[in-house]
Structure formats: structure tokens, C-alpha cells
Amino acid sequence: MISNAQKSISIFTNKDYYFCNMNIVQLIREAVADSIKNVYPESDNNLDFQINQTKPEFEGDYTIVLFSLVKALKKSPEMIGQEIGDSLIQKNPELFEAFNIIKGFLNLTITDAYWKSLLLKNHNDICFGKQAMNGKKVMVEYSSPNTNKPLHLGHLRNNFLGWSVAEILKASGYEVLKSCIVNDRGIHICKSMIAWQLYADGATPESTHKKGDHFVGDYYVKFNDVYKAQIAELVASGITEADAEKQAPIMQKTQQMLQDWEAGVPEVMQLWQKMNGWVYEGFDVTYKSIGSDFDKTYYESNTYLLGKDIVQEGLDKNVFHKKEDGSVWIDLTADGLDEKLVLRKDGTSVYITQDIGLAKQKYDEYKIDQSIYVIGDEQNYHMKVLKLIAQKLGLPYADDIYHLSYGMVELPTGKMKSREGTVVDADDLVAEMKATAQQHTETLGKVKDFEPNELIELYETIGLGAMKFYLLRVDPKKKMIFNPEESIDFHGFTGPFIQYTFARINSILRKESSFVAAPSNNTLLKLEKEVIYNLEQFGAIIMEAAKTLNPSVLANYLFHLSKSFNSFYTEHSIGNAESEDKKNLRIQISMMTANVLKNGMQLLGINVPNRM
RNA sequence: GGUUCGGUAGCUCAGCUGGAUAGAGCAUCAGCCUUCUAAGCUGAGGGUCAUUGGUUCGAAUCCAAUCCGAAUCACCA
């Protein structure tokens, strides 16, 4: 009958719990649950209680909110707090050193020993915070460009988000495949092809010294200019606008070209391949510069016929129905949606059908457990329909389709409109950010001894870091405002702020190459403890970011950690600490902070420089 | 009109699984570089958490209604 006590001792003393994979909140939760069980043997085993970080104005590290226990245990909060607090300290002296009760809040102080051993164990562990592989496979589809125009600011949010989410999932134990579906066919592609045919006079990216994607994009713009003029002309001659849109000669040529493409007319195919080739060359440069990469690229020209067999399957299962003209539909009105076309009367598949086909192909090919689509929130309806149709068809991967929906990027003046030339081009923005980084760096003059190639790399690191951080620091699902002035500010809640914190730590650590970590015997000062306290949360933050597919959780955390370290850095000397013991401890804090900042930024796709 | 999402400081955003006096950054103002990188640190001012009602020990957070904004509702992709 001593098993209970024995058990708790074996968990909390012998098994050196500091070093297990559990985070402090989980440890506290178990310890409190255990204490409740011991102090109130009659109580329900699954009592729920909340653990918060203790507010700075109170004494303590973590706080148990007692109100929820009051009803179940039929005692006053003060009484419960006292009894649980006594029990916690008595049973887990390694973990808890003090407590106080204010109103219904039990504030617990964690022992210095816990913090110091956490630090000693993990200060140089580059895997700190990461989870072991869990055997699950996830595909993250992102970027998804059209081959008729260059990438813009909106694509950048998509790319950074997709890349970061993939890395965060890897860090939390998933095997991740990054994929991309290239929208390389369709009427919009034919528009730039027609315009090139009519107006380019044989010009090429080489002959005009233009980047391929921009070159092709110019003809897409040209098409729209001509098209608009032709419509205006027709309307002026007394034709309705709707008819004018159909009758405009350039549009009719484009429609014809699409048909020729689908028929495989050689000249059209050749032109198509040539122009897409130009675009891909341009995209390669852009992707390389922003650090996007893919394990698998799908091309719509290969996938647009997919899904037809599924349509037959749906008809057999009576999930779809055929109308008199031969078109196939699904009725989703019972689910609060509309009737949706899945196959045209001419037998060709539509967008949604292709997507179902591609979803199947991904699943068959890679046996993935989850399929994440990074797509703008304008497609919420489409993705909802996609998943619903897959579910109604009883497809095995239906429930594993997840739309990571993100909000549009707008400018302070409103939405980006290509017509008004307010679209922020990705390449331009990257160049501008690098130039800003260069300008700031030169003004500060701290790296005058750098070689030219080192400087270029540094400007890239800082400029891209600023841009990525700026786009990732807000909750993906919310639309965001891109303020050009604010984005080139490198102070405060920015990527360069965190990079700078890292660089400063590095400059200290460079001088301590022979460092050997040792246990500390001193009590922790407030700012020392605060940094360790924040460091401890890294693993929990990664898990939170993975669970919610939200890199902004990480961005906020890294900023908070940097602030905390900077306060500590300003207040306490590290290299010239008051004692060897303190110096040793503070170097451990510095090393661990550097590791967490570096690894955390890596998960956002941002590098950190050793000097800046 | 239906559906979905949003409205928090002058601006940009956290906080939303209900908890203590709602937090950051920018901007404004006042301080801190002979000492480890001042892209830093310390402090001040700045709020009817859209509005109204409800739920309860307690609401920015949950519920309802209203107002405002956005997306979407194609034989386009």
C-alpha cells in the first residue's frame, strides 16, 4: 500500500525528470494532478485546472487557477491553494521551492536547480525543442504560380508561409514533402502567347535583356490593353459590352489558340513550350533568391485530364448526377452550398475535378497521411467543396485534406491592382530590401573588414530576413497590410532585430572558444532566470506553431526571447562577470539563446549572420 | 441576398481552449555609448477591446442581435 508514494518518488527523483522530454507545464500539470489525488482522494481523477504564466507583478513562475476546483472540492480557493501548495513542495522539492496564494491564484516558484540543470543539459544541444520522428508523412503544397506573369508580393507570403510550415512540421516530427502545382495551361496562358505572336516581332528575353517571367508578363499586360481597346471600340459601334467581350478579335484568336493547344497543334505547342521555358528560367532565379524549393512539381498540363474516372465512380455511387446536355453535377445544397459542375457537357473536366484527381494522385504516389494546401482565402469556398466532394465519394484521403488559408496582402492605399500598376513585384522587392540592408550596414560601419562576397551575403541575409519576418509575423489567416516604409525599418519587432541579437551573442562567444560548461552554485538573478524561463518554452512553441500551422507564433516568441536576452545583456556583463561561476552560467545562457534563435529563425526560413 | 472571415492605442499587430491592473513594435516625449556590437537598453504619455443585450464568482475572449469592412457564391483557373 505504499505504491502511490513509491511511484511518485520513482517518477520525480530517480528518473531525473529534468532531462526527459516533457516541458515544464506538463511537469507541473502532472505534479498538481498527483497532489490533488493525494490530498483529496475522494475527488474525481480528471479535474480540470488551468496553468498560466505568472504575471510579472506577482511572485512566482507559473500559476494554477483554482476557481475551477472550488466547486468540485467544495472548499475555499485559499484552502485548496494552501493544501495543494504544501503537497507540491513536500513531494517535489526539486521542482517547487515556494508558493503564494492571491485571491484564487496559486503562484508557484520553480527551483533554481531546475532551471540550472535544464540549462546545463541543453545549452549546447542543437536539437533542443525538436521532436523525434512520429512516422507520419505530410505533403505541403504551396507557391502554385501561373506561367503568364512574374511573382508578386502575394506569392511571397504564400512561399514563405508554405516553406516555414513545412520546416515547422519537420521539427515536430513529421516527414514532409514540399510540392508545387504549376498552372501552365489555359486561357490566361494563351493570352500572353497571342500577344507575343502579334506584337513581339520575334523579341526574346535575351534580345531585350529581360528576365523571362517579366518578359512574358509584359505580353500578358499587352493583351489586356489591346483587349480593352477593342471592347471599347465595339461598344462605341453599338454592341453590348457582354457581346463585345466575346467578339473582340484578340479574344477570339485566343480562344482558337486554346483549342489548338488542346488539339496539340505543333506550332502552338512549340510556342507554348518556348514561352513557358522563359518563365521557368525567371522563376528559377526568383525561387533561388527567396530560398523556396520543392520535392515534387506538378504541372497542370499533365494533371488537367485527371479526375474523369472519379466522375464515373461518382455517377455509379449516385453522388453525382448527369443532366440532359451531358454535363455532370453534384448537389451540395443540403450542406448549405450550391449545385456544382464536375464535368462539362463536352466531357472535359473542370478545376474542381482536376483537383480531386490530383489529390488522389498525391495520395497514391506518396501514401501521405495529410495533405496541406497553402492557398489564399479567396478559395475557401472551392477548397470546402473539394473536401466535401471527396468525403461524399468516400475517398480514403478526404478527411486529410487541409486548406491552410491565408489572407491577402494589401497596401496602405488598398488592394494591389495590376491595372493601376500597384502590384509589388517580388524581384523588385527582394532587390530593394537588399539595398536597404546595404545602406543601413554602411551607415553603421561595423563590418568594414568584410570581403565583397561576404558583404553581398550579409545584405542578402538581412534584407531577406527583414522581408520574411515581416510577412510571417502576422497570423496567416488574417489579411495584412504591407507598408513599404515599415517593412524597411530594421528596429523593433523585425527580423534584423533578432539577427542582431544573435550576432552580438556570437561576438562574445568567439572570445570563449575554450569554454567548458560547469554547474552553477549561485542563485539566479531575475534577468538570468527570465531568459532561461523563455528558452524552456521553445519546444512547446514549436508544437503550438505546428498544431496551428502558424509561423507567427514562432516569430512572436523569438522576438520576445531576443528582448529578454537584450535586457539581460545590457544589465549583466558576460565576459567580465563578477565571478567565474557567473561567467560560466551566463555563457551557457548565451549559447543556448544563440542556438534557439538560430534554429527558430531557420524554421521561418531566415538565416542569422555571425556578424552584422 | 446566402455562406465564411474580420473590427483591440494615431498606425501595424499580439492576446481569443473565459481568470489578476488588456500587451508589443512603429510614431511622440525624456534618459543611457572611455566597459562584451546603441540594428540595443530604461522610462513616460496614449484604450468605451465596433455597438447593445445575455451567460457567471469573473467576458477583449463564449452566445444573440445590430453596424462597418473583406472574400466568395462561373460549363475561368
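- A straight line from OH of A:Tyr381 to P of B:U3 spans 13 Å, rounded to a whole angstrom.
- Nucleotides B:G10 and B:U48 place their P atoms 7 Å apart, quoted to the nearest Å.
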Pair assignment for RNA chain B - dot-bracket with | for other-strand partners, Watson-Crick or G-U under 3.5 Å = ((((((((.[[[[.)...(...]]]].(((((.......))))).....[[[[[..)....]]]]])))))))....
ask   = How does protein contact run along nucleotides 12-27 of chain B, one letter per nucleotide 5' to 3', with B for base contact, S for sugar-phosphate only, - for none, heavy atoms under 4.0 Å?
value = SSS-B--BB---SSS-
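- If you measure from atom CG of A:Leu69 to atom C1' of B:C57, you get 14 Å, rounded to the nearest angstrom.
- Atom C1' of B:C62 sits at a distance of 11 Å from the matching atom of B:U56, rounded to the whole Å.
- Heavy atoms of A:Ser567 sit under 4.0 angstrom from primed sugar atoms or phosphate atoms, though from no base atom.
- Annotated as syn: B:C33, whose O4'-C1'-N torsion sits within 90° of 0.
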Distances under 3.5 Å between protein N/O atoms and the N/O atoms of nucleotides 44-47 of chain B, please, pair by pair.
none

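- When A:Asn52, A:Asp61, A:Thr63 are each tested for a side chain to side chain donor-acceptor pair (under 3.5 Å) with A:Asn107, only one passes: A:Thr63.
- Counting heavy-atom neighbours within 6.0 Å of A:Glu485 CD, excluding the residue itself, gives a total of 12 or less.
- One atom, CD of A:Glu378, and another, C1' of B:U3, lie 17 Å apart when rounded to the nearest Å.
- In this entry the distance linking OH of A:Tyr500 with C1' of B:C36 reads 11 Å, nearest Å.
- Using cut-offs of 30° and 60° on the angle between ring planes, the pair A:His382 and A:Tyr351 is parallel.
- As rounded to the nearest Å, B:U4 and B:A22 have C1' atoms that lie 28 Å from one another.
- A salt bridge links A:Arg473 to A:Glu486: one of the charged nitrogens lies within less than 4.0 Å of a carboxylate oxygen.
- Relative to the ring axis of A:Trp329, A:Lys323 places its NZ or CZ within 45° and under 6.0 Å from the centre.
- Residue A:Asn610 is classed as a base contact, given a heavy-atom separation below 4.0 Å to a base.
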Please list each protein N or O that sits under 3.5 Å from an N or O in nucleotides 74-77 of chain B, with the distance.
unit_1, atom_1, unit_2, atom_2, d
B:C75, N4, A:Asp325, OD2, 2.4
B:C76, OP2, A:Arg344, NE, 2.9
B:C76, OP2, A:Arg344, NH2, 3.1
B:A77, OP1, A:Arg344, NH2, 2.7
B:A77, OP2, A:Arg344, NH2, 3.0
B:A77, O3', A:Glu300, OE1, 2.5
B:A77, O3', A:Glu300, OE2, 2.5
B:A77, O2', A:Asn183, OD1, 2.7
B:A77, O2', A:Asn183, ND2, 3.1

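- To the nearest whole angstrom, the two P atoms, one in B:U66 and one in B:G1, are 11 Å apart.
- Ring-centre distance between A:Tyr500 and A:Phe497: not below the 6.0 Å cut-off.
- Between A:Thr441 and A:Glu571, it is A:Glu571 whose nearest contact on RNA chain B lies nearer the 5' terminus.
- Of all the heavy atoms in A:Ile231 and A:Ala248, the pair that sits closest is CG1-CB, 4.4 Å.
- Taking the six-membered ring for Trp and the full ring otherwise, the centers of A:His440 and A:Phe490 sit less than 6.0 Å from each other.
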Measure all distances between protein nitrogen or oxygen atoms and nitrogen or oxygen atoms of nucleotides 30-34 of chain B, and list the pairs falling under 3.5 Å.
none

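- In the displayed structure, A:Glu59 atom CD is contacted under 6.0 Å by at most 12 heavy atoms of other residues, nucleotides or ligands.
- Checked against the 6.0 Å centroid criterion, the rings of A:Trp261 and A:Tyr304 qualify as a close aromatic pair.
- Judged by the 6.0 Å and 45° rule, A:Lys55 forms no cation-pi pair with A:Tyr62.
- By the 6.0 Å contact criterion, CD on A:Glu578 is enclosed, its count of non-hydrogen atoms from other residues, nucleotides or ligands being greater than 12.
- Here the separation of B:C41 from B:C33, taken at their C1' atoms, is 11 Å to the nearest Å.
- The residue A:Ile462 sits close to a base: some heavy atom pair falls under 4.0 Å.
- Rounded to the nearest Å, the gap between the C1' atom of B:A50 and that of B:A9 is 15 Å.
- With sequence neighbours excluded, the residues forming a side chain to side chain contact (heavy atoms under 4.5 Å, CB included) with A:Thr441 are A:Val447, A:Leu458, A:Tyr459, A:Ile462, listed by chain and number.
- Across the protein-nucleic acid pair, A:Glu410 atom CD and B:G6 atom C1' stand 12 Å apart, rounded to whole Å.
- The separation between A:Leu561 atom CG and B:G40 atom C1' is 15 Å, rounded to whole Å.
- In this structure, A:Asp377 places its CG atom 10 Å from C1' of B:U4, rounding to the nearest Å.
- Between A:Asn576 and the phosphate of B:U35, there is no side-chain N or O to OP1/OP2 separation shorter than 4.0 Å.
- In terms of heavy atoms, A:Ile101 sits closest to A:Gly81 at CD1-C, 3.4 Å.
- The shortest heavy-atom contact between A:Val25 and A:Ile51 is O-CD1, 3.7 Å.
- A distance-only check finds no donor-acceptor pair linking the side chain of A:Arg344 to the backbone of A:Ser327 [under 3.5 Å].
- Taking the P atoms as reference points, B:A60 lies 11 Å from B:U51, given to the whole Å.
- Cation-pi geometry between A:Arg611 and A:Phe450 is not met at under 6.0 angstrom from the ring centre and within 45 degrees of the axis.
- Taking atom P on both B:U61 and B:U55, the two are 15 Å apart, rounded to the nearest angstrom.
- A residue-by-residue look at A:Leu444 and A:Lys71 shows that A:Leu444 has its nearest nucleotide of RNA chain B further toward the 5' end.
- Using cut-offs of 30° and 60° for the angle between ring planes, the A:Phe493 and A:Phe559 rings count as tilted.
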